[in-house]
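Position 1 is the first residue of the sequence; numbering continues from there. These figures come from a predicted structure and were not determined experimentally. When a ligand or atom number is given, it counts from 1 through the structure's own listing order.
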Amino acid sequence: MRFANKVVIVTGGASGIGEAAVRRFAGEGASVVVADIRPDALERIVGDIGGEQHLAVEVDMLDPAVIDRMVDAALDRFGRIDTLVNNAGMGSFGRVTEIDLDHWRQVMAIDVEAVFWASRQAIPHLSRVGGSIVNIASASGIAADYGFAAYNAAKAAVINLTRAMAIDHAPEIRVNAVSPGLTATPLATGLTGNPVIMAAYEPVLAMKRPAEPSEIAGAIAFLASDDASYVNGHNLVVDGGMTAHTGQPNFTRLLGGESHLAGAESAVRR
Ligand SMILES: NC(=O)c1ccc[n+]([C@@H]2O[C@H](COP(=O)([O-])OP(=O)(O)OC[C@H]3O[C@@H](n4cnc5c(N)ncnc54)[C@H](O)[C@@H]3O)[C@@H](O)[C@H]2O)c1
């Protein structure tokens, strides 16, 4: 029970990766503050994990005053905050020339500004108990995707904000990020539910499948736990090896067995 007597806030906790993190923390003994914009889903999940020990808070992470109330509600109910998981986020599709300023600002507001503000409000309380922050960034924050301009920019900002907070606020707290690759959640159904897209993923996904949300939750829980007591400022990429690939063609498949590879090597040397 790594999180017995600990209090964990998970934003966007009513679906996907956030929900899996909620279930993982609750399963390991934490009192979980489940924060989300969707009251129905919130109530269902908090009921599922055994209501009494936990707290559902309806929030719109776009509103800083509402984020303040989320932090206050956690303190009022439990008197402490050990971990903040900044998970709520939105996707975005479009090149720079195709998205407008309102869309850009909305992506930045939920994917970056809310991380900043929730962290700012929680850090004094986390510091009192030697707590930690886990930010959910993305593999899309470490390199670019076609048509994901705002999302790429936002998630890269989250990764470097993680590092900045990690050095500024150590040793009182630790701050780390998890960067998932393609994960089977409602956010990603436009991709995982499209056979053409999934066929195009085939040479890219070394594991030959998207992650399950619980596989991301395991990494989140690790970073929040004492098992990671000296891990600070780290961006833990959980993408099944997707970004381990340079992007070069699959030589094994194209050139066949070892003898062909040897031929290719000598051709390169010539
Ligand atoms: N699914 C993926 O492939 C993937 C990959 C990399 C990173 N991520 C990141 O993981 C995080 C979680 O995504 P997910 O895939 O679980 O998505 P999801 O859509 O399943 O869950 C997101 C949750 O955030 C909540 N939310 C959205 N806007 C909110 C707001 N303004 N205020 C409060 N709550 C709000 C939603 O209600 C939902 O419950 C996001 O930050 C996302 O960018 C997802």
Run the contact test for G181 against ligand 1 with a 4.0 Å cut-off on heavy atoms, strictly below, and give the result.
yes
Counting from 1, what ligand 1 atoms have a heavy atom of P180 closer than 4.0 Å?
5 (C), 6 (C), 7 (C)
Taking non-hydrogen atoms only, is R38 closer than 4.0 angstrom to ligand 1 via side chain, backbone, both or neither?
side chain
Pairs meeting criterion side-chain hydrogen bond (donor to acceptor under 3.5 Å, both in side chains) with involvement of residues 41-57, two or more places apart
R23-D48
Over all atoms of both residues, closest heavy-atom pair of K155 and S140
CB-C, 4.3 Å
Identify, for atom 40 (C) of ligand 1, the protein heavy atom at the shortest distance, and state residue, atom and that distance.
N87 O, 3.2 Å
Nearest protein heavy-atom contact for atom 24 (O) of ligand 1: which residue, which atom, what distance?
G12 CA, 3.4 Å
Side-chain touch M165/N135, heavy atoms, less than 4.5 angstrom
yes
Could you check atom 3 (O) of ligand 1 against the protein and tell me its nearest heavy-atom contact, residue, atom and distance included?
T183 N, 2.9 Å
Relative to the heavy atoms of G16, which atoms of ligand 1 are at a distance of less than 4.0 Å?
16 (O), 20 (O)
Can you tell me how far apart CD1 (I49) and OG (S31) are? Round to the nearest 0.5 Å.
9.0 Å
Among all protein heavy atoms, pick out the one at the shortest distance from atom 31 (N) of ligand 1; state its residue, atom name and that distance to 0.1 Å.
D60 OD1, 3.0 Å
Per-residue contact class, A137 against ligand 1 - non-hydrogen pairs under 4.0 Å:
backbone
By ring-ring contact (aromatic ring centres under 6.0 Å, His included) - contacts of F3 (at least two apart)
F25
Which residue supplies the protein heavy atom nearest to atom 17 (O) of ligand 1, what is that atom called, and how far is it?
L187 CB, 3.2 Å
Is it the case that the side chains of T162 and N235 hold a donor-acceptor pair, with the cut-off being a distance below 3.5 Å and no angle test?
no
Point-to-point distance, once rounded to the nearest 0.5 Å, from CG of D227 to CZ of R2:
5.0 Å
Would you say P210 and M198 make side-chain contact, with heavy atoms under 4.5 Å?
yes
Find out whether T11 and V59 are in side-chain contact, i.e. whether some heavy atom of one side chain is under 4.5 Å from a heavy atom of the other.
no
Out of I220, V22, L187, which one pairs with I17 under the side-chain contact (heavy atoms from CB on, under 4.5 Å) rule?
I220
Any side-chain heavy-atom pair from S92 and H103 closer than 4.5 angstrom?
yes
Which ligand 1 atoms, with their elements, are less than 4.0 angstrom from a heavy-atom of V59?
32 (N), 33 (C)
Report yes if S138 has an N/O atom closer than 3.5 Å to an N/O atom of ligand 1; otherwise report no.
no
Decide yes or no for L205 and R209: does some side-chain heavy atom of the first lie under 4.5 Å from some side-chain heavy atom of the second?
no
Going hydrophobic residue to hydrophobic residue with side-chain gaps under 4.5 angstrom, can you get from F78 over to V10?
no
For ligand 1, is any non-hydrogen atom under 4.0 Å from I110's backbone (N, CA, C, O), its side chain (CB onward), both, or neither?
side chain
Residue and atom name of the nearest protein heavy atom (relative to atom 39 (O) of ligand 1), distance in Å to one decimal:
D36 OD2, 2.6 Å
Within 4.0 Å of some non-hydrogen atom of I17, the atoms of ligand 1 are 10 (O), 16 (O), 44 (C)
Of all the atoms in ligand 1, which lie at a distance below 4.0 Å from a heavy atom belonging to L182?
3 (O)
Atoms in ligand 1 flagged as close to Y151, the criterion being non-hydrogen separation under 4.0 Å:
6 (C), 7 (C), 8 (N), 9 (C), 42 (C), 43 (O)
For atom 20 (O) of ligand 1, what is the closest protein heavy atom, and at what distance to 0.1 Å?
S15 OG, 2.6 Å
Heavy-atom contacts with A188 under 4.0 Å: which atoms of ligand 1 show up? List them by number with element.
1 (N), 3 (O)
Which atoms of ligand 1 sit under 4.0 Å from any heavy atom of M61?
30 (C), 31 (N), 32 (N), 33 (C)
With the threshold set at under 4.0 angstrom, would you say E19 reaches ligand 1 through any of its heavy atoms?
no
Protein contact of atom 14 (P) of ligand 1 - nearest heavy atom, named by residue and atom, plus distance:
T185 OG1, 3.5 Å
Would you say N152 and D145 make side-chain contact, with heavy atoms under 4.5 Å?
yes
With heavy atoms only and a cut-off of under 4.0 Å, state how M90 meets ligand 1: side chain, backbone, both or neither.
neither
